[in-house]
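Here is the structure we will look at.
Since the model is a prediction, treat every value here as computed from it, not as a measurement. So you know, we letter chains A, B, ... as the sequences are listed, proteins then strands, and number each from 1.
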Amino acid sequence: MPREFCAGRPERLKGSDRMKKIPLMLNVNGEEHDVSVSPNRTLLEVLREDLQRTGTKESCGEGVCGSCTVLLNGFPIRSCLTLAAEVQGGEITTVEGLREEEGRLDLLQQSFIDHGAVQCGFCIPGMLMSARAFLNRNPNPSEDDIRKGISGNVCRCTGYSKIVDAIMDVAKRSQSRG
Amino acid sequence: MRLPSVEYLEPRNVKEALEMLAGHAGQAAVLAGGTDLIVRMKQRLVEPAFLVSLKHLNTLNYIRREKSLIVIGAVTPLISLLESELIKAHFPALAKAVRLIGAPSIQHFRGTIGGNLCLQTRCLFYNQSAFWRSGRAPCHKDQGKICYAEENSDRCRSANQSDGACALMGLGARVVLNSTKGGRSLPIEEFFTGRGERPLAAEPDELVTEIRLPVPGEGEGNSFQKLTYRSAIDYALVSATAWLAVKKGKISGARLVIGGAGASPLLLKEASEKLVGKDVRDKHAVEEAAKQARNHASAFMVDNLGSTLEYRKKMSAVMAKRAVEEALERCLGNSAPGGRKG
């Protein structure tokens with residue numbers, strides 16, 4: 001049925017079986033992956049279903065909650081609203097890629113544990129990615145800056161205070177290290 | 001939620017993009033940041049056969065000064081506007097509007113200014129999942145003949161909640177559209193049709209390529225105000241933009257715009273005229289303009305956004321007043337020798 005000014009899909013495209021798959025090379029956490037996906041698949045679906053990187057979570061699926069946040073070239077994006085085809089050629093970092101090479105946790109991950117910032121945990125992968133991107137750009141933030149920085153991420157347990165504390169602690173420690 | 005099936009097109013340049021739009025006119029949707037389009041596709045509010053991705057169109061990513069204009073490429077990401085000295089210095093209203101779109105951590109890096117300008121009008125009874133909507137007959141915006149927002153309405157009453165559109169209208173922007181047949185430039189008032197069913201004047205084969213803003217002169221100021229429940233990831237319940245010019249202690253020009261009311265941001269001529277010619281200290285004139293803004297905007301509002309109608313009506317006057325007052329302050333800061341207020 002035609003809606004808005006888009007007259008809808010023509011007959012020949014009815015059904016997903018007619019959709020051409022497209023070959024993609026995705027760079028996820030420094031590894032190249034060759035995948036063949038339908039153009040209507042989101043980055044989130046491809047990460048979880050094709051690459052088994054299930055650290056990234058789907059919650060609302062509409063770009064409202066931030067659970068599915070991953071980094072594209074260092075910037076946070078919502079993987080549920082980003083087609084996999086759109087990010088070819090970019091560097092994608094998921095929560096699995098935060099871990100440092102020797103297997104140690106990222107400072108943020110350790111700080112979240114130390115501060116008890118994780119309740120049910122479903123928002124945490126998104127929180128970590130938003131916080132990591134935020135700290136990379138703002139190494140010397142105020143608490144207000146941090147709250148604004150993670151304002152795109154919803155914690156349904158409402159455990160924001162400890163999350164903010166955990167991020168603040170990392171910011172302070174990185175400063176003192178110089 | 002899964003997306004409907006679609007064919008994905010990747011034009012390498014603007015010419016190719018326009019050819020694709022012309023070749024699939026009416027069946028192709030333009031994909032810029034996708035933060036609005038992908039949601040609407042998931043909800044089956046729009047099911048394009050083709051997506052024309054603008055990801056390779058870096059030639060449309062710029063902010064620069066051209067004589068008395070500041071021109072912004074349509075694919076410029078919101079973060080670039082936030083970081084632009086040109087925008088911060090001349091258009092605090094636009095800078096604030098862009099900062100309040102979605103959430104800083106996310107939409108700003110994907111969302112584009114052209115995409116925000118083209119944000120579809122919204123309504124609580126329309127922007128829902130296909131399942132939610134399947135329980136009843138389609139509304140006007142959904143090709144039906146019913147309005148759930150207002151009984152017996154013969155047309156769609158959805159509202160334009162784009163912060164960028166409200167700010168750009170207040171600043172007197174022009175919108176440049178291109179197609180294979182050539183280009184045209186519309187004053188932003190004409191870019192919006194005012195019809196909820198089809199709110200944008202862009203033809204199906206046209207692409208918004210550029211936004212042009214006149215550089216403010218001495219004694220001019222602008223301001224944007226937005227009312228939301230949450231401080232992020234929220235659409236405006238009502239918003240206001242004011243642009244004012246002051247000469248010799250009197251207001252010499254005014255543009256007052258209310259967003260989140262009708263299917264287009266509303267450029268309020270009568271309310272603006274109540275300010276022109278008045279002394280800058282005339283508080284009564286500001287009150288009168290705000291009252292007129294409320295009267296005008298109320299005629300367009302129906303109870304279809306996330307707050308009660310009466311509250312939104314009342315707050316339209318408050319937003320208008322705050323915008324005028326702040327713009328006035330900036331006018332005065334701008335006319336003081338050497339002083340320029342951000």
Side-chain angles (χ1 to χ4, degrees), chain A residues 1-10 12-20 22 38-42 45 58 60-66 69 71-78 80-90 126-127 129-131 133-134 145 147-154, chain B residues 1-10 24-29 31 33-51 53 55 77 79 99 102-110 120-121 127 129 138 141-143 197-200 202-204 230-234:
Chain A
M1 182 188 288
R3 294 195 178 98
E4 293 175 7
F5 66 69
C6 226
R9 69 183 96 148
R12 65 185 179 77
L13 269 168
K14 276 259 165 74
S16 57
D17 52 315
R18 306 298 288 272
M19 233 186 327
K20 272 201 305 265
I22 41 180
S38 304
N40 68 343
R41 309 249 340 262
T42 61
E45 289 162 8
E58 174 167 29
C60 71
E62 297 177 0
V64 183
C65 72
T69 303
L71 305 189
L72 173 62
N73 302 324
F75 291 120
I77 62 164
R78 297 211 195 293
C80 75
L81 293 187
T82 305
L83 295 180
E86 287 278 288
V87 298
Q88 176 157 243
M127 283 284 182
M129 300 321 285
S130 281
F134 169 79
D145 294 338
R147 286 185 182 271
K148 284 188 180 132
I150 58 163
S151 63
N153 293 70
V154 175
Chain B
M1 263 184 294
R2 300 278 164 169
L3 284 162
S5 60
V6 69
E7 209 164 309
Y8 178 78
L9 306 174
E10 285 178 77
H24 305 299
Q27 300 190 327
L31 176 66
T35 54
D36 180 47
L37 177 67
I38 300 290
V39 179
R40 286 189 293 116
M41 283 174 68
K42 283 189 171 185
Q43 295 177 328
R44 305 298 189 270
L45 294 171
V46 56
E47 292 185 58
F50 302 92
L51 282 180
S53 167
K55 75 170 175 184
I79 187 76
R99 196 173 69 238
S105 64
I106 311 221
Q107 269 88 346
H108 293 172
F109 301 102
R110 292 292 296 168
Q120 269 290 328
T121 55
N127 291 92
S129 67
K141 197 166 171 67
D142 219 351
Q143 300 271 302
E197 291 90 342
R198 209 192 130 175
L200 306 178
E203 297 296 329
R230 298 182 292 192
S231 59
I233 341 179
D234 215 353

With B:Arg2, which residues qualify under salt bridge (Lys or Arg N to Asp or Glu O under 4.0 Å), at least two apart?
-> A:Glu45, A:Glu49

CG of A:Leu83 to CD1 of B:Ile38, rounded to nearest 0.5 Å, is 4.0 Å

Rounded to the nearest 0.5 Å, what separation is found between the CG atom of A:Leu71 and the CZ atom of B:Phe109?
-> 10.0 Å

Report the distance from atom OH of B:Tyr8 to atom NZ of A:Lys20, rounding to the nearest 0.5 Å.
-> 14.0 Å

Considering only heavy atoms, which portion of A:Ala85 lies under 4.5 Å from any heavy atom of chain B: side chain, backbone, both, or neither?
-> both

So which part of A:Cys80 gets closer than 4.5 Å to some heavy atom of chain B, the side chain, the backbone, both or neither?
-> both

Test B:His108 against A:Phe75 for side-chain contact (heavy atoms from CB on, under 4.5 Å), laying out the working first.
-> CA-CA 9 Å; B:His108 293 172; A:Phe75 291 120; over 6 Å; no

Residues that A:Lys148 engages under salt bridge (Lys or Arg N to Asp or Glu O under 4.0 Å), provided they are two or more places apart = A:Asp144

CG of B:Asp234 to OG of A:Ser151: how many Å apart, nearest 0.5 Å?
-> 11.5 Å

From the list B:Arg230, B:Gln107, B:Met41, B:Glu10, the residue making the most non-hydrogen contacts under 4.5 Å with chain A is B:Gln107

When every non-hydrogen atom of A:Arg78 is compared with those of B:Ala103, the smallest separation belongs to NH2-CB, 4.4 Å

Sort A:Ser130 into side chain, backbone, both or neither according to what part of it lies under 4.5 angstrom from a heavy atom of chain B.
-> side chain

Side chain proximity check, A:Glu62 to B:Lys42, heavy atoms < 4.5 angstrom | no

Working to the nearest 0.5 Å, report the span between CG of A:Leu81 and CZ of B:Arg110.
-> 9.5 Å

Please look at B:Leu37 and chain A and tell me whether the side chain, the backbone, both or neither of the residue comes under 4.5 angstrom of a heavy atom of that chain.
-> neither

For B:Val6 and A:Pro39 the tightest heavy-atom approach is O-CG, 3.1 Å

Residue B:Ser231 versus chain A: region with a heavy atom under 4.5 Å = neither

